[in-house]
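Okay, so here's the structure we're looking at.
All residue numbers in this chain count up from 1 along the given sequence.
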Amino acid sequence: DQSRGPAARATLLAALAAARSKGSVVAFDPNYRPRLWKDAAKARAAIDEALGVTDIALPTFPDEQTLYGDTTPEATADRLMVHGVRDMVVKDGEKPALVASDGVRERVPAISVTAIDTKGAGGRFNGGHYAALKSGRHNGHRELRDRYAPSRTTTEGGRAASPRPE
């Protein structure tokens with residue numbers, strides 16, 4: 001974000017690029033928050049630079065729509081692919097997420113839960129998606145939807161234990 005400054009961002013991106021060159025996989029959730037940026041153009045430039053060292057992107061469509069003017073989750077996916085992102089989930093709240101991997105795109109319906117405490121829900125979703133990919137499960141996004149997405153939002157304060165893949 002803007003408060004960290006360009007020097008810290010450059011150091012981080014260089015470290016990510018070095019790790020990636022040695023086989024690490026970089027996942028990135030842009031999580032755009034307008035109040036943290038003085039200028040939307042600078043936010044776009046910083047996020048675009050980070051996408052250049054990203055393997056897995058996990059953006060939220062309304063954020064991308066606000067910052068980039070994307071008209072659909074598919075437009076977001078197209079834009080991310082230009083940066084070389086090979087795997088992504090474009091989350092869209094209660095609407096189906098767009099999952100794109102290896103050139104295949106699929107809409108995955110969201111499940112309905114009663115949200116009590118949403119702190120950490122995005123991180124849990126993102127971690128579960130990566131774990132499913134790492135395990136080699138072809139339908140990892142379905143497992144993620146069924147097992148990880150609701151667990152954090154149906155308890156207060158994140159006290160529920162994380163579900164574990166069987």
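Looking at Phe28 and Leu16, their side chains never come closer than 4.5 Å, going by heavy atoms from C-beta outward. Pro6 places none of its side-chain heavy atoms less than 4.5 Å from the side chain of Lys42. For the pair Val90/Glu64, no side-chain contact is recorded, criterion being any heavy-atom separation below 4.5 Å from C-beta on. At a threshold of 4.5 Å between non-hydrogen side-chain atoms, the residues Lys91 and Asp29 count as touching. Side-chain contact check for Ile47 versus His83: every heavy-atom pair is 4.5 Å or farther apart.
Pro96 and Arg107 get closest at one heavy-atom pair: O-NH1, 3.2 Å. Counting all heavy atoms, side chain and backbone alike, Gln65 lies closest to Thr71 at NE2-O, 4.4 Å. Nearest heavy-atom pair, Glu74 versus Arg105, reported as atom, atom and distance to 0.1 Å: O-NH1, 3.6 Å. For Ala40 against Leu67, the heavy-atom pair with the smallest separation is O-CD1, 3.6 Å.
Looking at Ile56, Leu58, Asp55, Thr54 one by one, the single match for side-chain contact (heavy atoms from CB on, under 4.5 Å) with Val85 turns out to be Thr54. The side-chain contact (heavy atoms from CB on, under 4.5 Å) with Pro59 is formed by just one residue from the set Val89, Leu51, Thr76, Leu98; it is Thr76.
Distance check, rounded to the nearest 0.5 Å: OH of Tyr32 to CG of Asp63 gives 9.0 Å. Here the CG atom belonging to Leu36 is positioned 9.0 Å from the CG atom belonging to Asn31, to the nearest 0.5 angstrom.
In this structure, the side chain of Arg44 does not engage the main chain of Tyr68 through any donor-acceptor pair within 3.5 Å.
Under the 4.5 Å side-chain heavy-atom criterion for grouping Ile, Leu, Val, Met, Phe, Trp and Tyr, Val53 is not connected to Val25 through any hydrophobic cluster.
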